[in-house]
Amino acid sequence: MKQQDLFIYNSLSKSKEKFVPITEGAIGMYVCGPTVYSNVHLGNCRTFLSFDLIFRYLKHLGYKVRYVRNITDAGHLENDGESGDDPILKKARLEQLEPMEVVQKYTVDFHTVMAKFNALPPSIEPTATGHIYEQIDIVEKIIEAGFAYEKNGSVYFDVLKFNETNNYGKLSGRQIDDMIANTRELAAQSDKKNPQDFALWKKAEPQHIMRWPSPWSDGFPGWHLECTAMSTKYLGNQFDIHGGGMDLKFPHHECEIAQAEACNHVTPVNYWMHANMLTLNGKKMSKSTGNFILPDDMFTGENNILSKPFSPTVTKFFMYQAHYRSILDFSSDALEASEKGFNRLMDAYRMLSDLNASEKSSVDIEGWRKACYDAMNDDFNSPILIAHLFETVKYANAITEGKETISEKDLALLKQTMHDFLFDVLGLEESVLENSQDGEKLNAAVALLIKLRNKARADKDFAMSDKIRDELASKGIQLKDGKDGTTFSLN
RNA sequence: GGCAUCGUGGCCGAGUGGCUAGGCUCAGCUCUGCAAAAGCUGCUACAGCGGUUCGAAUCCGCUCGAUGCCUCCA
């Protein structure tokens, strides 16, 4: 695949920019991963699937991509002011588990879910607890640089001081003066000089069991620090792409920029990318409000939200029919529409194998292919890509009916391009049954029933033929009579 | 309150200053023993009000509405 002009929307400049990697042909990409103190919900998955698409497309373009996505298994403060509890510790008390047992349980869950979605694993998946030394090291450097202060065993980043020489707020568009003006005086007991300051290191209370020694206290790292430590460790002080959910833009990513600039004296990231939220009932999916659905509950259909189960690949297809920067609302109707479209698209893909080539093409496959790439090169516009892929349905039908012709070369190109986008870039999967042994047995059994039914139809025994058809339908097997015989699909 | 985003046809959802996105639904037709499936055809929208322009859903202003962030969250 020859290198093409790729445009990426950069949250920093709020505009699409031509993508130029720091090192030609290679890309460093960091994405904020999950906090593993509960099951990932579907909203979390959307972000990771958005970046899976981006990862896959960059690789498809021929880049060597190092994709780093962390596991947050410690240290995110729940309340910056007084309690100092982090969610992992809280959950551990609740379930009478070791913190690392909680972490392990939900890390496994996360990996299992992402595998069901056929998401590629990142190149490196570092954990926060595995990088405590690196985080302490950064705190020391920031203190040396004069942008942090220690108070009662905790260390805080001095935002106002930093803002004198740097620009705190450039990513989220916030003005430091506005932030000061709008701060309410709630945390009276805070060790912070200013409410805008954020913790780099937090002294652990006696009952706090996740703790590590440091020059300042036995404690734990502040919740923005791990990403700075791990991204720069594996990708360098400056790297190409940093991604995450829109909700992390402020304060998390803003603080990451500040930490990295204070520590390394260069701005860390060239392209900031933010994936938008998946909403349910018009509201952001969120653990804390209970407004969410678990992936497994939608695969099995065990939920009160959807009319039926939906497979991981259909769910993913549904997500990719919206652009990653748009809010996407989740509903049964929308999922069903996507499922039907997905099936039609996959049917068309299979039809390509049966197409007969002609001397010449009456369809413009080269042009179509370019349109597909243009869509993805325009900030990974998967909905447009999918719209183009649907044109294949029309091509396949028209060629089958002899209304259009296609040359051997174009047919090969069409098949290859469809395969590339469907499976390599979008990472979709054909239904599990199609390739499995059980699927073959089912095929054989239904084929027999189809044969019997056709015999009955030939004998004009419609009572029998309809009985076969209707009983299969009631079991979720739908027969489809076509010109070239009968096929079936599972509902 | 501050910062930001968004409001598109029955539903979902792209989009650019001027040329039908696409999917689903629906209607008609073809096919069919009937039905389903499949195919073909049709369905021209852009919150409201002003403004800029030869021309705006697309740019600007205001109004209304929604969402996200400002506290853990993808």
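Atom set for the values below is all heavy atoms of this structure, side chains included, hydrogens, waters and symmetry mates excluded.
On the C1' atoms, B:U41 is 39 Å away from B:C49, given to the nearest whole Å. Here the separation of B:U58 from B:U8, taken at their C1' atoms, is 11 Å to the nearest Å. Between B:C26 and B:C43, the two C1' atoms lie 9 Å apart (nearest whole Å). Rounded to whole Å, the separation between the P atoms of B:G55 and B:G18 comes to 14 Å. Distance check on atom P: B:C62 versus B:C73 gives 34 Å, rounded to whole Å.
Between A:E471 and A:K467, at least one side-chain N (NZ, or NE/NH1/NH2) sits under 4.0 Å from a carboxylate O, which counts as a salt bridge. Under the 4.0 Å criterion applied to side-chain N and carboxylate O atoms, A:K308 and A:E339 are assigned as salt-bridge partners. A salt bridge links A:D52 with A:R56: the distance from a Lys NZ or Arg NE/NH1/NH2 to an Asp or Glu carboxylate oxygen falls below 4.0 Å. Salt bridge A:K475/A:D470: absent, no basic N to carboxylate O contact under 4.0 Å. Between A:K394 and A:E404, none of the side-chain N atoms (NZ, or NE/NH1/NH2) sits under 4.0 Å from a carboxylate O, so this pair counts as no salt bridge. Looking at A:D347 and A:R344, no side-chain N of the basic residue comes within less than 4.0 Å of a carboxylate O on the acidic one, giving no salt bridge.
Between A:D379 and the options A:R325, A:K18, A:K16, a salt bridge (charged side-chain N to carboxylate O under 4.0 Å, His left out) holds for only A:R325.
Residue A:R344 has no polar side-chain atom (N or O) positioned under 4.0 Å from OP1 or OP2 of B:A37. Close to B:A4, at under 4.0 Å from its OP1 or OP2, lies no side-chain N or O of A:R174. Taking 4.0 angstrom as the limit, A:K284 places a side-chain polar atom (N or O) nearer than this to OP1 or OP2 of B:C69. Side-chain N/O atoms of A:N381 include none lying less than 4.0 angstrom from OP1 or OP2 on B:A14. For A:S331, no side-chain nitrogen or oxygen approaches OP1 or OP2 of B:C11 to under 4.0 Å. In terms of phosphate contacts, A:T35 brings a side-chain nitrogen or oxygen within less than 4.0 Å of OP1 or OP2 of B:A74. For B:U67, the OP1/OP2 oxygens have a side-chain nitrogen or oxygen of A:K283 closer than 4.0 Å. The phosphate of B:U32 (OP1 or OP2) has no side-chain N or O of A:R457 nearer than 4.0 angstrom. One finds no side-chain N or O of A:K14 lying less than 4.0 angstrom from the OP1 or OP2 phosphate oxygen of B:A4.
Here the side chain of A:N397 is nearest to one of B:C70, B:G39, B:C73, namely B:G39. Taking only side-chain atoms of A:A387, from C-beta outward, the nucleotide of B:G22, B:C73, B:A14 with the closest atom is B:G22. The side chain of A:S286 lies closest to B:C73, out of B:C11, B:C73, B:G13. Among B:C72, B:G13, B:U67, the nucleotide with an atom closest to any side-chain atom of A:I327 is B:U67. The side chain of A:F250 sits closest to B:C70 out of B:C70, B:A36, B:G23. Nearest to the side chain of A:D333, among B:U25, B:C11, B:G23, sits B:C11. The side chain of A:I384 lies closest to B:A14, out of B:A14, B:G39, B:G33.
Both key distances under 3.5 Å define a Watson-Crick or G-U pair, and stretches of 3 or more such consecutive pairs in RNA chain B run B:1-7 with B:64-70, B:10-12 with B:22-24, B:26-30 with B:38-42, B:47-51 with B:59-63.
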**OP:** Apply salt bridge (Lys or Arg N to Asp or Glu O under 4.0 Å) to A:R453 and A:D481, showing your working.
**Re:** CA-CA 11 Å; A:R453 170 166 170 269; A:D481 295 326; 2.9 Å; yes
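Rounded to whole angstrom, the span from the OH atom of A:Y9 across to the P atom of B:G15 amounts to 12 Å. If you take CG of A:L278 and C1' of B:G13, they are 14 Å apart, rounded to a whole angstrom. Taking atom CZ of A:R46 as the reference point, atom P of B:G13 lies 9 Å away to the nearest angstrom.
Between A:F299 and A:T315, the closest side-chain pair of non-hydrogen atoms falls below 4.5 Å.
Evaluation of A:F48 against the base of B:A74 yields no stacking contact (centre distance < 5.5 Å, interplanar angle < 30° required).
Counting any heavy atom pair closer than 4.0 Å across all strands shown, A:T487 reaches no nucleic acid atom.
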